[in-house]
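All remarks here apply to the structure that follows.
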Amino acid sequence: MYINNAMISIIKPAFHLMNQLNFRSKFAVISSLFAVPLALFSIQLAYSYHQEASQARLTQSGLSYLREASTLIEDLETLRDISVITSWQSMTSLNNNFNEAKKSAVKKIDHLKTVTRSKKDHNYLSKLQQTIFDNNFIKGNEAEGIDGVYDAAQLLVDQAYSWRTTLSYSFVSGSHNDPNITSIINMLNESDTFLYALGQTRTFGTLYLEQKFVDSYGISVLEKNYQTLAQLITLIDVKTEEYQSLIADHPEIQPGLIKQNFSHAQTLLYEQLILSLSITADPLKFYNDLSTIFEALYHHNDMLFFLSDQLVERQIKKSTQQLTLFYCSVTLMTLLLLYLSAGL
């Protein structure tokens with residue numbers, strides 16, 4: 001009884017108000033009761049769609065920046081290998097390769113500096129550029145073993161990979177990004193381990209072929225590199241399983257091709273240096289053969305960037321369609337309400 005009286009007390013003013021209004025005013029009041037929460041929900045939905053589109057465009061511009069940063073690292077890996085080789089053994093046949101890589105790296109740094117908005121990134125690129133100008137890859141480490149000299153030169157490449165990794169996750173960390181894009185970025189960021197070992201093969205193999213002899217320390221270095229390649233070939237199978245879903249959706253990703261290239265590099269190392277009793281193979285040909293394998297890996301990475309860009313473009317298109325549909329729906333509802341109001 002008490003509850004009924006309370007309900008009547010609450011509802012009575014509403015009945016009184018409605019009785020005082022004409023039909024058109026009643027329609028306006030009832031419509032507003034539904035329109036206000038719908039409007040709030042619509043604003044929130046529109047904001048969400050705009051955020052998705054904005055994040056996708058940020059990711060797209062970020063991927064373009066990362067792609068150029070990756071081509072810069074490719075030049076750094078060339079400079080690293082030739083610097084280590086020529087620090088031990090003069091090899092004028094690689095001078096053109098070195099000068100072209102140096103010129104290309106400087107040009108890319110200049111462009112990256114013009115488009116970056118981060119003072120930290122700008123300072124890093126300026127410092128890197130100065131190191132390249134000074135040819136300061138291995139300064140102060142020449143007295144170490146060949147693997148120590150290589151690791152000293154690798155520090156500059158490691159810094160570049162670390163910089164790119166930090167950038168990549170800042171560009172794709174948005175919650176609205178396709179999980180496949182994050183997986184592709186992970187694959188790209190994991191490639192440094194493979195390229196490090198392949199660089200050792202190119203550097204050590206070319207050097208010892210140019211010297212035409214391998215000392216006892218060199219034999220241990222080559223055998224260690226051979227075992228590293230074997231471990232990475234096995235790791236490719238592990239990574240294939242890890243990214244199975246991504247690879248199934250995008251068959252253009254071909255880990256089997258990467259495995260084949262690494263097996264080829266391992267075979268070249270074994271047959272021309274480890275197994276051979278006399279070092280007679282052409283060092284420049286060995287360098288070029290390994291560079292061809294590098295190019296195949298770089299091409300695969302570039303394909304991953306292209307695939308990521310396609311996925312982002314698909315996201316942008318989807319977000320744009322959602323926004324268009326949303327605004328069309330809002331417009332139709334508004335016109336309908338105006339039409340009904342005018343007819344009352």
Side-chain angles (χ1 to χ4, degrees), residues 61-87 90-118 121-139 149-150 152-168 171 188-189 191-192 194-203 205-207 261 265 283-306 308-309:
S61 63
L63 286 171
S64 176
Y65 190 84
L66 289 174
R67 177 177 279 180
E68 185 154 4
S70 296
T71 61
L72 169 61
I73 293 174
E74 293 171 12
D75 290 332
L76 294 181
E77 287 171 331
T78 299
L79 293 172
R80 171 201 62 197
D81 294 353
I82 298 178
S83 294
V84 175
I85 293 168
T86 55
S87 71
S90 176
M91 195 169 174
T92 55
S93 55
L94 292 179
N95 286 347
N96 285 339
N97 302 66
F98 184 87
N99 292 332
E100 287 177 7
K102 183 176 179 179
K103 182 179 178 181
S104 175
V106 170
K107 183 178 179 181
K108 288 167 186 173
I109 291 173
D110 281 335
H111 181 257
L112 288 168
K113 284 164 65 176
T114 60
V115 297
T116 185
R117 297 181 180 178
S118 167
D121 291 343
H122 191 278
N123 290 339
Y124 164 73
L125 290 168
S126 297
K127 184 179 178 181
L128 175 61
Q129 191 172 50
Q130 189 59 50
T131 300
I132 294 173
F133 278 136
D134 296 340
N135 293 330
N136 193 13
F137 272 80
I138 55 174
K139 189 175 181 180
V149 176
Y150 181 88
Q154 174 65 20
L155 288 176
L156 201 68
V157 179
D158 283 340
Q159 291 170 2
Y161 272 116
S162 178
W163 166 67
R164 192 193 71 175
T165 299
T166 302
L167 284 175
S168 66
F171 287 131
L188 288 165
N189 288 334
S191 66
D192 62 331
F194 294 87
L195 292 166
Y196 166 80
L198 197 62
Q200 286 183 317
T201 306
R202 180 167 67 177
T203 301
T206 303
L207 173 62
N261 278 293
L284 184 59
K285 184 178 186 308
F286 183 88
Y287 179 90
N288 290 334
D289 287 343
L290 265 294
S291 296
T292 299
I293 296 174
F294 264 96
E295 288 301 322
L297 297 181
Y298 292 152
H299 178 74
H300 189 266
N301 285 347
D302 192 58
M303 180 275 298
L304 291 177
F305 274 116
F306 178 74
S308 298
D309 193 61

CA sep, side-chain torsions, deciding dist, call: Glu100, Asn96, side-chain hydrogen bond (donor to acceptor under 3.5 Å, both in side chains)
CA-CA 6 Å; Glu100 287 177 7; Asn96 285 339; 5.7 Å; no
- prompt: Would you say the side chain of Leu128 lies within less than 4.5 Å of the side chain of Leu76, judging by non-hydrogen atoms?
  reply: yes
Residues passing the ring pair (Phe, Tyr, Trp, His ring centres under 6.0 Å) test with Tyr298, sequence neighbours excluded, are Phe294
Sorted by chain and number, sequence neighbours left out, side chain to side chain contact (heavy atoms under 4.5 Å, CB included) with Asp121 holds for Thr116, Ser118, Trp163, Leu167
Scanning both residues in full, the closest heavy-atom pair of Asn301 with Ser191 reads ND2-OG, 3.8 Å
- Do Asn123 and Lys127 have side-chain heavy atoms sitting under 4.5 Å apart? no
| query | Short question: side chain of Tyr150, backbone of Val84 - any donor-acceptor pair under 3.5 Å? | reply | no
Looking only at heavy atoms, the pair that brings Ile85 and Arg202 closest together is CD1-O, 4.3 Å
Task: Beyond-backbone contact of Ile293 with Asp289, side-chain heavy atoms, under 4.5 angstrom - done: no
Using a 4.5 Å cut-off on heavy atoms from C-beta on, say whether the side chain of Phe98 contacts that of Thr86. no
Item to check | Any side-chain heavy-atom pair of Tyr287 and Ile82 under 4.5 Å | outcome: yes
Hits for side chain to side chain contact (heavy atoms under 4.5 Å, CB included) against Thr131, two or more places apart or cross-chain, chain-then-number order -> Asn136, Leu156
query: Got a donor-acceptor contact below 3.5 angstrom from the Asp309 side chain to the Phe305 backbone?
result: no
Residues at least two apart in sequence or cross-chain that pass side chain to side chain contact (heavy atoms under 4.5 Å, CB included) with Glu68, listed by chain then number, are Thr71, Lys108, His111, Leu112
Set out, in order, the CA-CA distance, both residues' side-chain angles and the distance that settles side-chain contact (heavy atoms from CB on, under 4.5 Å) for Ile132 and Ile109, then state yes or no. CA-CA 10 Å; Ile132 294 173; Ile109 291 173; 3.8 Å; yes
Discussion item. Set out, in order, the CA-CA distance, both residues' side-chain angles and the distance that settles side-chain contact (heavy atoms from CB on, under 4.5 Å) for Tyr196 and Glu77, then state yes or no.
Written reply: CA-CA 8 Å; Tyr196 166 80; Glu77 287 171 331; over 6 Å; no
Could you give me the CA-CA distance, side-chain angles and deciding distance for Tyr161 and Gln154, then say whether side-chain hydrogen bond (donor to acceptor under 3.5 Å, both in side chains) is met? CA-CA 10 Å; Tyr161 272 116; Gln154 174 65 20; over 6 Å; no
By salt bridge (charged side-chain N to carboxylate O under 4.0 Å, His left out), Asp302 pairs with (sequence neighbours left out) Arg67
* Contact check, side chains of Gln129 and Asp110, non-hydrogen atoms, under 4.5 Å -> yes
With sequence neighbours left out, the residues meeting side chain to side chain contact (heavy atoms under 4.5 Å, CB included) with Asn189 are Arg164, Thr165, Ser168, Tyr169, Ile185
